[in-house]
Amino acid sequence: MKIPSKKVVALFCLIVLVVAGAVLCHRPDPVEKSAYIMGTLVRVRAWGAGADRAVPEALERLSALEQALSANLEDSDVARVNRAGGRGVSVSSATGDLLGEALRFAGLSGGAFDPTVGALVDLWGIGTEQARVPGDEEILSALERVDWHGVRLFDGNEVRLEAGQQLDLGGIAKGYAADVLRDQLKREGIRSGLIDLGGNILVFGENPRGGKWRIGVQDPIQSRGGVLGVVELREGSVVTSGTYERFFERDGVRYHHILDPATGRPARSGLLAVTVVSPGSLEGDALTTALFVMGLDLGIALVNGLEGVEALFVTEDGRVVLSPGLEGRFTLQGEGYRLETR
Amino acid sequence: MRRGDRFVFLALCLMVMLSLFPLFFRGGTARYARVSLDGELVERVDLQGEGLPRRIEVLGDDGSRNVILVDRGRIRMEESNCPDGLCVRRGWLERPGATAVCLPHRVMISVEGEGDLDAISR
């Protein structure tokens, strides 16, 4: 047999190298599924062995959580508590946990986040076809039924409201659900994952695309329709709340869905949107609402006192204000904004 | 350089170029978009195909109606009889990974590809 020339050997080695390189650089395909749950579009993306099974299971878990937490479903824990008119009601441990956390953030934010805003939410109906501007008297009478101090939680699973109060955990249910899904996926051996609950983003594990996760933040001025900027993180949650999400307009005024428990009206704090970057999504969900209601000065003071929590505020006068920990991790892309750190 | 060397050199260049080829398509221009109703694919739309611009009508069982406008390299929700109209205000989608969702009707348009972002917080 003729011995192959050096050139042929070299060529062969080269081909092997290129093919090996292509195989090694190939990014593994994730398993991704979406569904409409909790009134929003949910996407779960997971990498790792067992993702085929774990992702559909995660979505089933989410439907089960919805059954417990939605104020709109007749048999949910929240609906039963709201109908009980001041009597004690036993609830699932998930509902108990969530309510406990809701009360903690109500206390932390001095009531800017309040899980008893149900009466106000119903009155305004923002995001439903019945949305309207209520009269002052109606708002005052609904406000009398809003006070988180009236909620009693016994042994973590018995809840009692004051007569007339209405729980609404819509402000944090999605964040809580995202955290539950992350824990479940991790237990199933999922290496890396991305959970998108209607724009609440939670990522864990290393980004299989390499480097940090890159999460865009929606530009709150709708007509631009683009991305305000990009947050980079290794792991954790990015949640944004803004006036653009759900609203209706009457006589040239925009009435958005973030209600101020002090005034009973959509919060007017000089902000267009707040983004919270935090280890868990529940705190992100509760804090975006709280910070939006509190406004820039009080809000940034609260954030700077919390370990591991960072925030980004977009003001009506076109400023994007970062808490110090976001400096260098946020890249502004939107036009017409000024970037500041406080 | 001998004839054989030149051949090897050219082959090498060719292979390096071929192996880099996929890189040029990362985050590139939009080629396909997916339109879905209640999570089910309605159509995979070629954004560089023939006969553009054109419209796609998506009708739901409950009388919901969305009209999607497809143009060269971009796509948008043009009309919707939903209460809030947020999907229409979203405007043109051009970049890979961009989405417009009509929540009341459960209609979604998404441009295929990953783009340079993993997700968008909104």
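Numbered from 1 within each chain, the chains take letters A, B, ... in sequence-line order.
Remark: B:Arg65 CZ is packed, more than 12 non-hydrogen atoms of other residues, nucleotides or ligands lying under 6.0 Å away. For B:Asp61, the CG atom is loosely surrounded, since the number of other residues' heavy atoms within 6.0 Å does not exceed 12. Residue B:Glu40 qualifies as open at atom CD: its count of foreign heavy atoms under 6.0 Å is 12 or below. Other residues, nucleotides and ligands contribute over 12 non-hydrogen atoms within 6.0 Å of the NZ atom of A:Lys212.
The interface of residues 100-107 of chain B with chain A, defined by heavy-atom distances below 4.5 Å, comprises B:Val101, B:Leu103, B:Arg106, B:Val107.
Annotation for B:Arg122 and A:Glu245: closest pair O-OE2, 3.7 Å, computed over non-hydrogen atoms.
For a residue to count as touching a neighbouring chain, one of its non-hydrogen atoms must lie under 4.5 Å from one of that chain's; by this rule A:Val238 touches chain B with backbone and side chain alike. Of the atoms belonging to A:Tyr36, heavy atoms from both backbone and side chain fall under 4.5 Å from chain B. Heavy atoms closer than 4.5 Å to chain B are found in the side chain of A:Leu194, but not in its backbone.
For the atom pair OG1 (A:Thr128) and CG (B:Asp84), the distance works out to 10.5 Å, reported to the nearest 0.5 Å. Note that OG of B:Ser121 is 6.0 Å distant from CD1 of A:Ile201, once rounded to the nearest 0.5 Å. Rounded to the nearest 0.5 Å, atoms CZ (A:Arg214) and CG (B:Asp118) are 8.0 Å apart.
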Would you be so kind as to tabulate the donor-acceptor pairs closer than 3.5 Å made by side chains of residues 271-285 of chain A, with sequence neighbours excluded?
from	atom 1	to	atom 2	distance (Å)
A:Thr275	OG1	A:Thr240	OG1	2.9
A:Ser278	OG	A:Gly280	O	2.7
A:Ser281	OG	A:Ser237	OG	3.3
A:Glu283	OE2	A:Gly280	N	2.8
A:Asp285	OD2	A:Gly175	N	2.8
A:Asp285	OD2	A:Asn200	ND2	3.3

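Listed by chain and residue number, A:Phe247, A:Arg254, B:Arg89 satisfy the side chain to side chain contact (heavy atoms under 4.5 Å, CB included) test with A:Glu249 (two or more places apart in sequence, or in another chain). For B:Glu78, the side chain to side chain contact (heavy atoms under 4.5 Å, CB included) criterion is met by B:Arg55, B:Val67, B:Leu69, not counting sequence neighbours.
By number of non-hydrogen pairs under 4.5 angstrom with chain B, the leading residue of A:Asp196, A:Val203, A:Leu41, A:Val217 is A:Leu41.
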Inset, instruction - Check the pair A:Val227, B:Arg95 against side chain to side chain contact (heavy atoms under 4.5 Å, CB included), reporting the backbone distance first and the verdict last. - result: CA-CA 11 Å; A:Val227 169; B:Arg95 289 207 280 179; 4.1 Å; yes

